[in-house]
Protein chains: 2
Amino acid sequence: MKKIYDFAIDLTLDVISGKWKPAILCHLGEHKTLRTGELRRMLPGISQRVLTKQLRELEEDGVVSRQVFGEVPPRVEYSLTEEGRSLREILISMSDWGNRHAQRENQAGQEIEIHNGSKSGFEKM
Amino acid sequence: MKKIYDFAIDLTLDVISGKWKPAILCHLGEHKTLRTGELRRMLPGISQRVLTKQLRELEEDGVVSRQVFGEVPPRVEYSLTEEGRSLREILISMSDWGNRHAQRENQAGQEIEIHNGSKSGFEKM
DNA sequence: CTGAATCCCTTAGGATACTG
DNA sequence: CAGTATCCTAAGGGATTCAG
């Protein structure tokens with residue numbers, strides 16, 4: 001089915017929006033390649049179902065690639081595609097903006113807390 | 001209530017995610033200031049209710065400011081705050097990435113169409 | 001170990017009508 | 001003109017169980 005957007009921004013947002021997608025992209029950016037279980041352990045609270053769903057969507061959008069090894073027990077590895085790596089700058093600036101914004105809002109009385117599992121993402125690429 | 005994020009990216013995403021928010025930010029970026037009705041006409045299909053909701057959230061997040069003129073009939077003007085203007089770079093790179101991504105995906109057989117109501121947003125800032 | 005199948009619930013967004 | 005109040009639905013996530 002044809003997807004239509006009024007703004008290119010909406011397309012980008014579509015790709016990276018998802019409760020765990022930014023985290024997944026950051027982790028994959030830092031570790032090059034990760035198995036399903038490793039990823040799951042890095043995302044406390046995520047369920048198996050949701051994890052695979054988020055990964056499928058990222059794969060569908062061409063930013064993550066999935067490699068299946070025909071072994072027993074099963075072994076599946078995920079990594080960023082070139083397309084996925086090209087998101088780096090955007091994720092970094094979003095991370096920076098978020099940190100600055102949190103500071104300002106907190107000074108203005110808001111209560112925002114950021115754990116920063118990855119300050120700007122992709123450190124070790 | 002205290003908001004907690006694992007990644008600063010999620011906070012930024014929280015601020016700009018919303019069906020009409022990117023469009024609103026772009027339009028406000030280009031026109032400096034817009035009345036409710038002008039904005040509504042620039043967003044074909046949006047309902048009054050949703051428009052005010054999106055605007056309230058953007059205001060709540062400190063990226064948009066709302067100015068009420070005590071006139072009859074009512075007159076309300078919206079504009080970006082300094083905080084909102086600081087989103088410019090991010091929105092532009094997201095727009096660029098989206099356009100490039102659409103091209104590549106279309107060459108790969110996908111069907112993505114972008115009208116580009118604003119190619120990179122904020123042209124006239 | 002990885003993932004599919006169910007079932008459920010919350011919420012963003014839409015349609016519509018009404019008010020100052 | 002700008003905004004609120006209701007009502008409704010579609011979809012993203014979550015919990016749990018089963019399967020190769």
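Keep in mind that this is a model prediction, so the values were computed, not measured. The sequence lines fix the lettering, A, B, ..., with proteins before strands; numbering per chain opens at 1.
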- Can we call the ring centroids of His27(A) and Tyr78(A) under 6.0 Å apart? no
- Note down the inter-axis angle between the two ends of the helix from dC1(C)-dG20(D) to dG20(C)-dC1(D), five pairs each, to the nearest 10°. 40°
- Query: Along nucleotides 6-20 of chain C, 5' to 3', which nucleotides get a B, which get an S, and which get a -, given that the test is a protein heavy-atom distance under 4.0 Å?
  - Reply: B------BBB----B
- Query: Would you say the side-chain atoms of Arg85(B) pair up with the backbone N or O of Gly29(B), donor to acceptor, closer than 3.5 Å?
  - Reply: no
- Length of the CZ-P vector between Arg56(A) and dT2(C), whole Å: 12 Å
- Message: Can you classify the ring geometry of Trp97(A) versus His101(A) as parallel (below 30°), tilted (30 to 60°) or perpendicular (above 60°)?
- Response: parallel
- When all nucleic acid strands are considered with a 4.0 Å heavy-atom cut-off, which category describes Tyr78(B): base, sugar-phosphate, or nothing? sugar-phosphate
- Message: Test your reading of the model: is there a side-chain donor-acceptor pair from Asn106(B) to the backbone of Ile112(B), 3.5 Å cut-off?
- Response: yes
- Query: chain B on DNA chain D: first and last contacting nucleotide, 5' to 3', under 4.0 Å to a heavy atom?
  - Reply: dC1(D) to dT6(D)
- Item | Asp14(A) side chain to Tyr5(A) side chain, donor-acceptor N/O pair below 3.5 angstrom | yes
- Mind checking the CD1-CD1 spacing from Ile9(B) to Ile92(A)? Nearest 0.5 Å is all I need. 8.5 Å
- Test side-chain contact (heavy atoms from CB on, under 4.5 Å) on Arg56(B) and Arg66(B) and set out the steps. CA-CA 9 Å; Arg56(B) 286 291 176 288; Arg66(B) 174 172 181 264; 3.4 Å; yes
- Message: Can a donor-acceptor pair be found, under 3.5 Å and without considering hydrogens, that links the side chain of Glu113(A) to the backbone of Ile4(B)?
- Response: no
- Query: Within this structure, what is the CG-to-P distance between Leu39(A) and dT2(C), rounded to whole angstrom?
  - Reply: 10 Å
- Verify, without hydrogens or angle tests, whether Gln103(A) (side chain) and Arg100(A) (backbone) share a donor-acceptor contact under 3.5 angstrom. no
- Note on the structure: In whole angstroms, the gap separating P of dC1(C) from CD of Glu71(A) amounts to 13 Å
- Query: Is there a side-chain hydrogen bond (donor to acceptor under 3.5 Å, both in side chains) between Ser79(A) and Ser65(A) once you walk through the steps?
  - Reply: CA-CA 5 Å; Ser79(A) 57; Ser65(A) 74; 3.1 Å; yes
